[in-house]
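Worksheet for the structure shown next.
As the structure is a prediction and not an experimental result, all values here were calculated from the model. Residue numbering restarts at 1 for every chain, and letters A, B, ... go by the order of the sequence lines.
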Number of protein chains: 2
Amino acid sequence: MTTAPEPIERVSAVEALLRILRARILDGELAPGSRLVERELTERFDVARHTLRAALRSLAAEGLVVIEPDRGARVKALAAAELGPLFELRTALEVEASRLALARHGGRLPATVHQAVQHLVAVCAGSPAWSAVTAAHDDVHHAIVTAAGSPRIEAAYDALAAELQVFLIQMRPEWSMPRMAKHHQTLLRDLEASGPDALRAHIADGLQSVLRASH
Amino acid sequence: MTTAPEPIERVSAVEALLRILRARILDGELAPGSRLVERELTERFDVARHTLRAALRSLAAEGLVVIEPDRGARVKALAAAELGPLFELRTALEVEASRLALARHGGRLPATVHQAVQHLVAVCAGSPAWSAVTAAHDDVHHAIVTAAGSPRIEAAYDALAAELQVFLIQMRPEWSMPRMAKHHQTLLRDLEASGPDALRAHIADGLQSVLRASH
DNA sequence: CAGCCACAGATTGTGGAATAATTCAATAAT
DNA sequence: ATTATTGAATTATTCCACAATCTGTGGCTG
């Protein structure tokens, strides 16, 4: 018998650099709007210029970085005006994902989603760091999208979530912990009771709170 | 008085190459699955190797090209099994787009969409080349998405449409012209009468016909 | 002082070549 | 038939060079 092929991890220099830069951007170390100067980064990570440029180009395609001709790359800084369209796309993905998820599981959402919500509730009960709350919150929505079992929707959603996180990282939202918890318990109930459209209002709510937090 | 600043078009070598390669892929000259050997392409377009590699990397991020480490790039060839997930994403985008479009125009679709359908009907009436039919057909769906006025949904849809075209280019679908025309007139009526969900069945139909055509 | 110009330094865009590493196909060996 | 070996082709990465572009500074002019 043949055992299942277990591919070992081999990362090229570009790929490794890509992951590092992505992580640095997503955790806020490379702040939105900040310039990504080639010489600095090549020295810091000890890679050749072309290697760095390849990584930057991928990040640009991902939407995490903006490249302007002859002016270099900088971490993408979303303007408030761009949030609306971004949330429209998010709505498109997440509503359809929840529809698929419900259809796949006979009108209910799978245990993974329920667990994610329970975890969010548990986190909110204490007095956690905000980063822990956002992580748990993102898990909930990610669990919903994953439950759809549609890899393409999931991939698109992940890219979007990363882009949004770059924006969110620079501000403190204004949700209270108990409200965050309750809101998502309600969402879950509504989704299973009245279908995917329950997400629409929920996401709109999220946009409003983000807009308020960004003054 | 100052005239409105009109930025002139300045394309870098990478950008120019990117456009050429994209066009070659989308019109089928570079067939799905075919290898993109660096030496060949650099000689053909007289660019440096790194310039080409940068363009390929962007195309990979777009989904038109697949890059495997140490094995180079090839034009992406979609397997039939990947069509389902791709159409799920397409459904997510187009259904939400049509919802926004209807909301923006008081429950109707704007003239651009009606014109696009009329054009498709006119094209189908003759005995046109298949490429003319697909072009007119793509215009209809693109008009619907554009009518939503959501740049992010539109961008995602365009990327998807390009990816799908790479797949479709290699086969002759089996829609009859009159059926194509009638089907979209019905779609338009249903959209305005009963809302965005009318698209769901329409897209599912499209997937079925593609799957049948691909044996 | 505001605005314009010119210049120098810094940074990016592209090219070219060299070397290491990897793949792939063909052949030889077990 | 399977496994090794060999070698050519191709990709991955680096280093260097140079032109084009951007940016800030200082001086000049009105």
Checklist entry - Do B:H183 and B:D205 have a side chain donor and acceptor closer than 3.5 Å? => result yes

Rounded to the Å, how far apart are [X] [atom1] and [N] [atom2]?
X     : N      : atom1 : atom2 : result
B:L17 : C:dG13 : CG    : P     : 15 Å
B:F45 : C:dT14 : CZ    : P     : 16 Å
B:E38 : C:dA17 : CD    : P     : 16 Å
B:L52 : C:dG15 : CG    : P     : 10 Å
A:D46 : D:dT14 : CG    : P     : 8 Å
B:E43 : C:dG15 : CD    : P     : 14 Å
A:L36 : C:dT11 : CG    : P     : 13 Å
B:R53 : C:dG15 : CZ    : C1'   : 15 Å

Item to check | Verdict with reasoning, A:R152 to B:E163, per salt bridge (Lys or Arg N to Asp or Glu O under 4.0 Å) | outcome: CA-CA 12 Å; A:R152 295 301 304 256; B:E163 204 178 328; 2.7 Å; yes

Checklist entry - Is the side chain of B:H105 donor-acceptor paired with the backbone N or O of B:A101 at a distance under 3.5 Å, no angle test? => result yes

Next on the checklist: Please determine whether a side-chain nitrogen of the Lys or Arg among A:E96 and B:R90 lies less than 4.0 Å from a carboxylate oxygen of the Asp or Glu.
Outcome noted: no

Next on the checklist: Could you check whether A:R44 pairs with A:E40 (Lys NZ or Arg NE/NH1/NH2 to Asp/Glu carboxylate O, under 4.0 Å)?
Outcome noted: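 Answer for the salt bridge query: no.
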
Item to check | Trace of the salt bridge (Lys or Arg N to Asp or Glu O under 4.0 Å) decision for B:K76 with B:E62 | outcome: CA-CA 10 Å; B:K76 181 160 178 180; B:E62 267 178 63; over 6 Å; no

So, OP1 or OP2 of [N]: does either fall under 4.0 Å of a side-chain N or O from [X]?
X     : N      : answer
B:R39 : D:dT10 : yes
B:R57 : D:dA12 : no
A:T51 : D:dT14 : yes

Checklist entry - With nearest nucleotides of DNA chain D determined for A:E15 and A:R35 from heavy-atom distances, which residue corresponds to the more 5′ nucleotide? => result A:E15

Checklist entry - Aromatic rings B:H141 and B:H202: how do their planes relate, parallel, tilted or perpendicular, breaks at 30° and 60°? => result tilted

Checklist entry - When every nucleotide of nucleotides 18-24 of chain C is labelled 5' to 3' by its protein contacts under 4.0 Å (heavy atoms), B for base, S for sugar-phosphate only, - for none, what sequence of letters results? => result B---SSS

Checklist entry - Less than 3.5 Å between a donor and an acceptor, one on the side chain of A:H50 and one on the base of C:dG15, is that the case here? => result yes

